[in-house]
Amino acid sequence: MSAPDIRMPGDVTADWLSAVLAQGGVDAQVSGFVAKAVGAGMIGDSVRFTLDYARAGADAPRSIVGKFPSAGEESRNAGVSLGNYMREVRFYQHLSKTALIRTPFCYFTDVDPVSHDFVLMMEDLNPARQGDQLAGASIADARSVVEEAAKLHASHWQDDALFAYEWLNATAGDGPSFDVNEISALWDGFRARYGERVTPEAAKIGDALCANWLKYDHVDGPRGLNHADFRPDNMMFKDAPDGPQMVMLDWQSVGYGNPATDVAYFLAGAITPDERKEHGAALLAHYHATMGRHGVTYDPADFERHFARGSFQLFLTAFFAAMLVTQTPRGDDMFFRMANGAVDQILDTGAMALLD
């Protein structure tokens with residue numbers, strides 16, 4: 001059987017799905033399928049393919065999930081210009097097996113380096129629970145998240161061999177960068193679009209971030225793999241006897257930078273300020289204990305500084321993405337949940353001092 005090619009959802013056939021399964025080591029013949037959109041991706045579209053077989057062994061899946069470029073023009077353009085499609089495919093091809101964090105099994109993935117058309121065919125994690133940025137995460141789910149974060153960060157701790165991957169964010173061959181004028185234009189557009197929905201505290205933080213961009217936009221101290229969009233919408237949760245187990249999706253922004261950014265990004269956007277005050281210390285202790293079990297010690301001073309700065313990353317992502325992707329009501333609500341959570345954590349951690 002020939003290898004599968006890159007194609008969009010409307011071009012998928014039973015024979016192509018059989019070739020996809022063969023790439024993943026499954027010997028089966030698909031006779032038909034039902035395709036249904038799933039998830040709420042902002043830059044990529046996901047489709048579940050429920051399969052019928054003419055021939056199948058015990059390892060043939062009942063369904064698989066494919067990820068494709070967004071059908072929305074603005075979102076697709078963002079995915080191409082930011083290198084997101086290329087980055088996610090390359091992660092699954094080169095780093096998913098060594099990253100230690102739970103990820104879906106990938107049957108087949110490929111990307112066209114010119115057009116950035118791509119396809120990513122993965123195991124269907126159903127009936128795992130989809131995370132929800134608007135609903136937030138339970139503390140039990142959050143504990144699983146910080147544990148998986150620690151495994152990811154420890155996997156390539158201070159591994160400068162990653163600089164060879166020019167597609168990886170924050171490496172010597174990093175993708176297109178944004179200067180302060182571009183960031184300021186996005187921020188000004190965000191404030192103009194949403195008006196009074198932007199709180200006075202958020203306005204002050206956004207203005208300060210743009211005015212002091214170079215103080216924010218750098219990497220110091222230890223590096224590790226970081227996901228860089230570490231939030232509930234990109235997570236699935238399997239319920240097990242010993243508690244929830246998180247599986248991480250959406251590797252479009254993966255980079256080699258300060259690992260604490262992921263932890264700050266998640267906690268700011270997924271649990272409330274009151275929950276952070278009550279449970280934050282225990283969650284961070286679990287993160288550091290997991291790092292220690294993998295032979296890594298994250299210096300407390302470095303972690304505290306990187307955690308504080310990571311709160312800005314969530315705020316930045318909220319207004320940045322809002323102005324680049326196709327606008328939707330849920331997207332607006334999600335971006336404000338992210339921005340307002342980041343504001344609370346920035347103020348709680350005294351992160352504004354990093355911009356002085």
S.K.: Give a yes or no answer on whether the side chain of D112 reaches the backbone of V114 with a donor-acceptor pair at less than 3.5 Å.
M.R.: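 Yes.
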S.K.: Report yes if the side chains of V20 and V119 come closer than 4.5 Å at any heavy-atom pair, otherwise no.
M.R.: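 Result no, sub-4.5 Å side-chain heavy-atom pair not found.
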S.K.: Would you say L168 and L225 make side-chain contact, with heavy atoms under 4.5 Å?
M.R.: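 Yes, at least one pair of side-chain atoms sits under 4.5 Å.
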S.K.: Enumerate, atom names and distances included, each donor-acceptor pair closer than 3.5 Å involving a side-chain atom of residues 288-297, sequence neighbours excluded.
M.R.:
residue : atom : partner : partner atom : Å
T290    : OG1  : H286    : O            : 2.9
T290    : OG1  : R293    : NH2          : 3.0

S.K.: Test: salt bridge (charged side-chain N to carboxylate O under 4.0 Å, His left out). Region: residues 99-111. Which pairs qualify, not counting sequence neighbours?
M.R.: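 As it turns out, the salt bridge (charged side-chain N to carboxylate O under 4.0 Å, His left out) pairs with a partner in residues 99-111, which skip direct neighbours, are R102-E148.
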S.K.: Hey, quick one: are L162 and L100 part of the same hydrophobic cluster, counting side-chain heavy atoms closer than 4.5 Å, chains of contacts allowed?
M.R.: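 Looking at the clustering, L100 is in a separate group from L162.
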S.K.: Looking at A322, is its backbone amide N or carbonyl O close enough to the side chain of Q327 to form a donor-acceptor pair, meaning the two atoms are under 3.5 Å apart?
M.R.: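 Judged by distance alone, no pair lies under 3.5 Å.
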S.K.: Taking atom OG of S155 and atom NZ of K97, what is their separation to the nearest 0.5 Å?
M.R.: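 It comes to 14.5 Å.
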S.K.: How would you list all residue pairs meeting side-chain hydrogen bond (donor to acceptor under 3.5 Å, both in side chains) that involve residues 334-346, not counting sequence neighbours?
M.R.: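 Those involving residues 334-346 are R276-Q345, S311-Q345.
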S.K.: For a quick test of your reading: what N or O donor-acceptor pairs under 3.5 Å do the side chains of residues 244-255 make, sequence neighbours left out?
M.R.:
residue : atom : partner : partner atom : Å
D250    : OD1  : K67     : NZ           : 3.4
W251    : NE1  : M248    : O            : 3.3

S.K.: Could you walk me through whether H156 and T98 pass the side-chain contact (heavy atoms from CB on, under 4.5 Å) test, one step at a time?
M.R.: CA-CA 8 Å; H156 289 271; T98 59; 2.9 Å; yes
S.K.: Indicate whether any N or O donor in one side chain lies under 3.5 Å from an N or O acceptor in the other, for Y194 and D332.
M.R.: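 Per modelled atom types, Y194 and D332 side chains form a pair under 3.5 Å.
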S.K.: Under 3.5 Å, side chain of R76 to main-chain N/O of P69, donor-acceptor pair present?
M.R.: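 A pair under 3.5 Å: no.
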S.K.: Test side-chain contact (heavy atoms from CB on, under 4.5 Å) on I139 and I271; report intermediate values, then the result.
M.R.: CA-CA 8 Å; I139 298 305; I271 63 177; 4.3 Å; yes
S.K.: Testing the basics here: between D5 and F108, what is the closest heavy-atom pair and its distance to 0.1 Å?
M.R.: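 Of all heavy-atom pairs spanning D5 and F108, the closest is O-CE2, 3.7 Å.
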S.K.: Roughly how far apart are T261 OG1 and D229 CG, rounded to 0.5 Å?
M.R.: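 One finds 12.5 Å between OG1 of T261 and CG of D229.
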S.K.: Distance check, rounded to the nearest 0.5 Å: Q23 atom CD versus S18 atom OG?
M.R.: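 Answer rounded to 0.5 Å: 12.5 Å.
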S.K.: With a 4.5 Å heavy-atom cut-off, do F303 and N258 have their side chains touching?
M.R.: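 No; the side chains remain at least 4.5 Å from each other.
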S.K.: Keeping the roles fixed (side chain from R87, backbone from L82), state whether a donor-acceptor pair exists under 3.5 Å.
M.R.: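 Yes: the side chain of R87 pairs with the backbone of L82.
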S.K.: Do you know which two heavy atoms are closest between D45 and A71, and how far apart they sit?
M.R.: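 What the structure gives for the nearest pair is OD2-N, 2.7 Å.
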S.K.: Roughly how far, to the nearest 0.5 Å, is CZ of F312 from CG of L314?
M.R.: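 One gets 12.0 Å once the value is rounded to the nearest 0.5 Å.
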S.K.: Would you list the pairs meeting ring pair (Phe, Tyr, Trp, His ring centres under 6.0 Å) in which at least one residue belongs to residues 4-37, sequence neighbours left out?
M.R.: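 Listed by first then second residue: F33-F49.
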S.K.: Got a sec, which residues hit side chain to side chain donor-acceptor pair (under 3.5 Å) with Q93, two or more places apart in sequence or on another chain?
M.R.: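 Once residues adjacent in sequence are excluded, the partners of Q93 under the side chain to side chain donor-acceptor pair (under 3.5 Å) criterion are R90.
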S.K.: Of all the heavy-atom pairs spanning P259 and N226, show the shortest one and how long it is.
M.R.: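 Looks like CA-CB, 4.4 Å.
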S.K.: Does a side-chain heavy-atom distance below 4.5 Å link L51 with L21?
M.R.: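 They are in contact (side-chain heavy atoms under 4.5 Å apart), so the answer is yes.
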S.K.: Using a 4.5 Å cut-off on heavy atoms from C-beta on, say whether the side chain of E304 contacts that of F307.
M.R.: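 Heavy-atom side-chain distance check fails, nothing below 4.5 Å.
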S.K.: Answer yes or no: is there an ion pair linking R197 with D333, defined by an N-O contact shorter than 4.0 Å?
M.R.: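 A salt bridge is present here (some side-chain N lies under 4.0 Å from a carboxylate O).
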S.K.: Take R129 and D141 through the side-chain contact (heavy atoms from CB on, under 4.5 Å) test and state the conclusion after the steps.
M.R.: CA-CA 11 Å; R129 292 180 285 112; D141 285 349; 3.0 Å; yes
S.K.: With the side chain counted from C-beta on, respond yes when L267 and Y287 share a heavy-atom pair under 4.5 Å apart, and no when they do not.
M.R.: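 They are not in side-chain contact.
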S.K.: Does any donor atom in the side chain of H306 or Y298 lie under 3.5 Å from an acceptor atom in the other side chain?
M.R.: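 Yes, because at least one side-chain N or O of H306 sits under 3.5 Å from a partner of the opposite role on Y298.
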S.K.: Does H279 reach the main-chain N or O of E275 with its side chain, forming a donor-acceptor pair under 3.5 Å?
M.R.: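 No, because the side chain of H279 does not come within donor-acceptor range (under 3.5 Å) of the backbone of E275.
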S.K.: Can you check whether I43's main-chain N or O pairs, donor with acceptor, with N84's side chain at less than 3.5 Å?
M.R.: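 No; zero donor-acceptor contacts below 3.5 Å.
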S.K.: Transitively linked via ILVMFWY side-chain contacts under 4.5 Å: M352 with L316?
M.R.: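 Yes; tracing contacts between hydrophobic side chains, which count when under 4.5 Å, links both residues.
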S.K.: Do M236 and I101 belong to the same hydrophobic cluster, where Ile, Leu, Val, Met, Phe, Trp and Tyr are linked whenever their side-chain heavy atoms lie under 4.5 Å apart, directly or via other members?
M.R.: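 Different hydrophobic clusters.
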S.K.: Side-chain heavy atoms nearer than 4.5 Å, only ILVMFWY residues, links allowed to pass through others: does that put F320 and L355 together?
M.R.: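 Both belong to a single hydrophobic cluster.
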S.K.: Sequence neighbours left out, what passes side chain to side chain donor-acceptor pair (under 3.5 Å) with S75? Give chain and number order.
M.R.: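 Here the qualifying residues are T326.
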S.K.: Does a side-chain heavy-atom distance below 4.5 Å link T13 with R7?
M.R.: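 They are in contact (side-chain heavy atoms under 4.5 Å apart), so the answer is yes.
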S.K.: Less than 4.0 Å between a side-chain N and a carboxylate O, is that true for D124 and R62?
M.R.: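 Between D124 and R62 there is no salt bridge, as every charged N stays at least 4.0 Å from the carboxylate O atoms.
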S.K.: With a cut-off of 3.5 Å and sequence neighbours excluded, list every side-chain donor-acceptor pair involving residues 203-211.
M.R.:
residue : atom : partner : partner atom : Å
D207    : OD1  : W187    : NE1          : 2.8
D207    : OD1  : R191    : NH1          : 3.2
D207    : OD2  : R191    : NH1          : 3.2

S.K.: Decide side-chain contact (heavy atoms from CB on, under 4.5 Å) for E74 and L324; before the verdict, give the C-alpha distance in whole Å, the side-chain angles of both, and the deciding distance to 0.1 Å.
M.R.: CA-CA 7 Å; E74 289 177 301; L324 289 181; over 6 Å; no
S.K.: Any salt bridge between D160 and R223, counting N to O under 4.0 Å?
M.R.: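 Salt bridge between D160 and R223, a charged N being under 4.0 Å from a carboxylate O: no.
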S.K.: Do I64 and L17 come close enough that some side-chain heavy atom pair is under 4.5 Å?
M.R.: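 SC-SC contact between I64 and L17 confirmed.
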S.K.: Could you check, using the six-membered ring where one of them is a Trp, whether F336 and F190 have ring centers closer than 6.0 angstrom?
M.R.: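 When the ring centroids of F336 and F190 are compared, they turn out to be within the sub-6.0 Å range.
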S.K.: Output the distance between atom CZ (F319) and atom CZ (R193), rounded to the nearest 0.5 Å.
M.R.: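 That separation rounds to 13.0 Å.
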S.K.: Would a distance-only check, ignoring hydrogens and angles, find a side-chain to backbone donor-acceptor pair under 3.5 Å from Q313 to G310?
M.R.: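 Judged by distance alone, no pair lies under 3.5 Å.
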S.K.: Taking ring-ring contact (aromatic ring centres under 6.0 Å, His included) as the definition, give me every residue that meets it alongside F105, ordered by chain and number, with sequence neighbours left out.
M.R.: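 For F105 the ring-ring contact (aromatic ring centres under 6.0 Å, His included) partners, ignoring immediate neighbours, are Y107.
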S.K.: Go through the structure and list residues passing ring-ring contact (aromatic ring centres under 6.0 Å, His included) with F230, not counting sequence neighbours.
M.R.: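 By the ring-ring contact (aromatic ring centres under 6.0 Å, His included) rule, F230 matches H227.
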S.K.: Per the side-chain hydrogen bond (donor to acceptor under 3.5 Å, both in side chains) rule, what does the pair list look like for residues 346-356, sequence neighbours excluded?
M.R.: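 Every candidate side-chain hydrogen bond (donor to acceptor under 3.5 Å, both in side chains) pair involving residues 346-356 fails, so no pair, neighbours aside, qualifies.
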S.K.: Determine, using the 4.5 Å side-chain heavy-atom cutoff (strictly less than), whether V34 and V38 are members of one ILVMFWY cluster.
M.R.: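 Different clusters: V34 never reaches V38 through Ile, Leu, Val, Met, Phe, Trp or Tyr contacts under 4.5 Å.
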S.K.: Among Q130, Q133, R330, find the one that has a side-chain hydrogen bond (donor to acceptor under 3.5 Å, both in side chains) with D233.
M.R.: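 Single pass found, and it is R330.
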S.K.: So which atom in K238 and which in A128 form the shortest heavy-atom distance, rounded to 0.1 Å?
M.R.: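 So the two residues come closest at CG-CB, 3.9 Å.
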S.K.: What residue pairs, at least two apart or across chains, pass ring pair (Phe, Tyr, Trp, His ring centres under 6.0 Å) with a residue in residues 58-87?
M.R.: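 Of all non-adjacent pairs touching residues 58-87, those that pass ring pair (Phe, Tyr, Trp, His ring centres under 6.0 Å) are Y85-F118.
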S.K.: Give me the atom names and distance for the closest heavy-atom approach of Y53 to V30.
M.R.: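 Smallest interatomic distance, heavy atoms only, reads CE2-CG2, 3.8 Å.
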